[in-house]
*Asks:* 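I have a structure I would like to understand better, so I am pasting it below and will then ask my questions one at a time.
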Amino acid sequence: MAGQVVRGDKYFPRETDQNKLLRRLRDGSHLLVLAPRRVGKTSMLFYLQDNPPDGYVFLYNIVQSCATEHEYYKQIIDNLFRSEFTDQLSSLFKWGKDQIDKFRSSITGVSVGATGIEFDHQDRQLTHRDLSAALNALTLDKKLVLIIDEFPDVVEKIYNQQDHKSAESFLSGCRELWSEQRLNQHVQFVLTGSIGLDTLVSKMALSDLINVLIPVSIAPLSQAQGREFINTLNHRELEPIQIDATAQDYLLDKVGWLMPYYIEILWMQLVDVYFDEGLDSVSPANIDAAYNKLFSIQYQSHFNHWAERLNRFADSEKALASDVLTAMCEHAQLPGSHLFNLSQASQYQQTNCQYVIDCLIHDGYIFINQAQCYQFTSPMLKEWWGRYATRRL
Ligand SMILES: Nc1ncnc2c1ncn2[C@@H]1O[C@H](COP(=O)(O)OP(=O)(O)O)[C@@H](O)[C@H]1O
Ligand SMILES: [Mg+2]
């Protein structure tokens, strides 16, 4: 089912990006993997956790729902003390019960109960110092990589639900951990996110707090990998369909931005068309039919996440973003001056136009092409925007 994190043999290898990430890790850096939703960040990190390179152990943490510093550290420490991880310590490093008990009692005022960590005092608030204490009690002869998935969501929640000062203090704590020399000998962080942490922190004037993080990107598949991916999907069907290389290329051209998710959702529609119509080969018209079905009401959920992101903007920012995207729907590409003119409308006098455009770029809606013009990242996203998006906001 498209949309769930893929593991095992469902995972299509992305060796160039995996290797790039591993090279940066070997440099000793903490990494920041930012890419829009559905690009495949979580799947790639799970793959690395399941197939760690020599000398590394990975621990995956999803922090999307954490709205305070305390909840953030509780989530990570909980995972560290959980038996899934300590069992690994036993099998990989021959840790005995005594060692595990000692590790689990490395944080003052915290113990491990049946349902996770518990506190001696109700008002005990966890901070980066507690995570540091636990991690320093964990000297392994491999490096531990803590994957923190959807990190920018935490910063955004703390900022929106508390205030600037809390967000600043949260990020300073994180930075202290990232820069702690002793800790860095055996622990590295890989942060990921679907919204631009860079735009968020620059809006808060806190960019210097994240400048130790090294950015890593995830590229679309090449045309050849795209074909290979289609073949993999086809071989997974109970009854593979007949599709030649020309038709495969036509399908990939329709998708345009070759991320596995978008190839897969069009593929699934095509397989339906193929069997519904009893075909024995695939023509461009069949692919067009599948493409159109993808945009019918019942499949709109494939694109909802694009609307959700825009709904995080303040009202006037959202209206401007919406105007920008609609203008871009009507043209193949737009020069910056056109967007600037849009932002000069009287209703946007108080709106930070540059911030809105930066977000649209960093969150994967648009990019600046070689002609220095703005363009939608994905033709499918553009199609969806043109048909429905303004009605969903
Ligand atoms: N390497 C991959 N191989 C196969 N499918 C993938 C791969 N990466 C992503 N996908 C597809 O994209 C969807 C979203 O992937 P996910 O890892 O959840 O992305 P993200 O974490 O960036 O939102 C998956 O459900 C799957 O359909
Ligand atoms: Mg994810």
Side-chain angles (χ1 to χ4, degrees), residues 1-22 31-51 58-66 75 79 145-156 189-197 215-237 248 251-252 255-271 290 294 299 301-309 312 362-365 377-378 380-381 384:
M1 182 35 208
Q4 313 287 328
V5 174
V6 286
R7 292 181 92 159
D9 61 3
K10 296 236 166 77
Y11 178 80
F12 183 78
R14 297 174 103 166
E15 271 157 22
T16 315
D17 291 325
Q18 290 158 209
N19 291 342
K20 201 194 303 167
L21 192 147
L22 294 176
L31 310 183
L32 178 60
V33 185
L34 294 181
R37 285 192 66 174
R38 307 273 202 239
V39 157
K41 300 175 294 298
T42 306
S43 300
M44 187 164 112
L45 291 162
F46 267 124
Y47 174 81
L48 294 175
Q49 174 169 263
D50 295 341
N51 305 274
F58 285 71
L59 178 65
Y60 175 85
N61 301 273
I62 175 83
V63 294
Q64 193 159 28
S65 63
C66 306
Q75 178 72 52
N79 287 336
V145 178
L146 286 177
I147 300 166
I148 314 285
D149 204 359
E150 304 294 2
F151 177 80
D153 281 45
V154 185
V155 182
E156 189 183 47
F189 289 84
V190 174
L191 312 178
T192 83
S194 307
I195 54 166
L197 182 63
V216 179
S217 54
I218 300 190
L221 306 187
S222 65
Q223 191 80 5
Q225 285 173 314
R227 280 193 223 119
E228 209 183 306
F229 185 54
I230 291 178
N231 287 322
T232 319
L233 292 173
N234 200 11
H235 285 113
R236 218 181 285 151
E237 299 293 337
Q248 291 186 3
L251 186 151
L252 295 174
V255 175
W257 191 49
L258 300 187
M259 293 298 178
Y261 179 74
Y262 296 97
I263 301 175
E264 190 176 347
I265 57 176
L266 181 53
W267 170 259
M268 292 191 315
Q269 294 303 329
L270 178 64
V271 173
L294 197 56
Y299 297 114
S301 60
H302 288 311
F303 302 99
N304 281 352
H305 59 276
W306 292 109
E308 279 163 26
R309 171 62 188 108
R312 291 172 176 221
H362 289 238
D363 300 343
Y365 293 77
T377 30
S378 147
M380 276 185 169
L381 171 61
W384 170 76

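Start at 1 and go down the list; that is how both ligands and their atoms are numbered. Scope of the values below: all heavy atoms of this structure, side chains included, with no hydrogens, waters or symmetry mates. Starting from 1, each residue takes its place in the sequence as its number.
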*Asks:* Can you check whether L252 reaches I230 side chain to side chain, under 4.5 Å on heavy atoms?
*Replies:*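 L252 reaches I230 side chain to side chain.
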
*Asks:* Which of the atoms of ligand 1 are close to K10, meaning less than 4.0 Å from one of its heavy atoms?
*Replies:*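 Under 4.0 Å from K10, ligand 1 has these atoms: 3 (N), 4 (C).
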
*Asks:* With heavy-atom distances below 4.0 Å as the criterion, list the atoms of ligand 1 near V6.
*Replies:*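 Counting from 1, the qualifying ligand atoms are 2 (C), 3 (N), 4 (C), 5 (N), 6 (C), 7 (C), 26 (C).
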
*Asks:* List every atom of ligand 1 that sits less than 4.0 Å from any heavy atom of E264, numbering the atoms from 1 in the order shown and giving each element.
*Replies:*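 This gives 26 (C), 27 (O) as the contact atoms.
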
*Asks:* Which atoms of ligand 1 have any heavy atom of Y11 under 4.0 Å away?
*Replies:*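 So the atoms of ligand 1 that pass are 1 (N), 2 (C), 3 (N).
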
*Asks:* So is P260 polar-close to ligand 1, meaning N/O to N/O under 3.5 Å?
*Replies:*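 Not met; the criterion fails.
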
*Asks:* Spell out, as yes or no, whether a donor-acceptor pair under 3.5 Å connects the side chain of K41 to the backbone of A35.
*Replies:*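 Yes: the side chain of K41 pairs with the backbone of A35.
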
*Asks:* Check the Mg ion (ligand 2) and write out every protein N, O or S atom at under 2.8 Å, as residue and atom.
*Replies:*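 As for protein N, O or S atoms lying under 2.8 Å from the Mg ion (ligand 2), they are T42 OG1.
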
*Asks:* Heavy-atom contacts under 4.0 Å between F229 and ligand 1: side chain, backbone, both, or neither?
*Replies:*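 Side chain only.
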
*Asks:* For residues T42 and Y60, determine if any side-chain heavy atom of one lies less than 4.5 Å from a side-chain heavy atom of the other.
*Replies:*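 Yes, their side chains come closer than 4.5 Å.
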
*Asks:* With the side chain counted from C-beta on, respond yes when P13 and Y47 share a heavy-atom pair under 4.5 Å apart, and no when they do not.
*Replies:*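 Heavy-atom side-chain distance check fails, nothing below 4.5 Å.
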
*Asks:* Looking only at atom types and distance, does a side-chain atom of S43 sit under 3.5 Å from a main-chain N or O of V6, one as donor and one as acceptor?
*Replies:*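 Judged by distance alone, yes, a pair lies under 3.5 Å.
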
*Asks:* Which ligand 1 atoms does R37 reach within 4.0 Å, using its non-hydrogen atoms?
*Replies:*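 Within the 4.0 Å cut-off of R37, ligand 1 contributes 23 (O).
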
*Asks:* Salt bridge (Lys or Arg N to Asp or Glu O under 4.0 Å) with R312: which residues, sequence neighbours excluded?
*Replies:*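 Salt bridge (Lys or Arg N to Asp or Glu O under 4.0 Å) list for R312, sorted by chain: D153, E156.
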
*Asks:* Taking the six-membered ring for Trp, are H305 and Y261 parallel (under 30°), tilted (30 to 60°) or perpendicular (over 60°)?
*Replies:*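 H305 and Y261: perpendicular rings.
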
*Asks:* Where the side chain of D149 meets the backbone of T192, is there a donor-acceptor pair that is under 3.5 Å apart?
*Replies:*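 Judged by distance alone, no pair lies under 3.5 Å.
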
*Asks:* Could you tell me whether the side chain of E150 and the main chain of S194 form a donor-acceptor pair under 3.5 Å?
*Replies:*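 Yes.
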
*Asks:* Go through it in stages, so that I can follow the logic: the residues are R14 and L221, the test is side-chain contact (heavy atoms from CB on, under 4.5 Å), and I'd like the CA-CA distance, side-chain angles, deciding distance and then a yes or no.
*Replies:* CA-CA 8 Å; R14 297 174 103 166; L221 306 187; 3.9 Å; yes

*Asks:* So is F12 polar-close to ligand 1, meaning N/O to N/O under 3.5 Å?
*Replies:*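 So ligand 1 has an N or O lying under 3.5 Å from an N or O of F12.
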
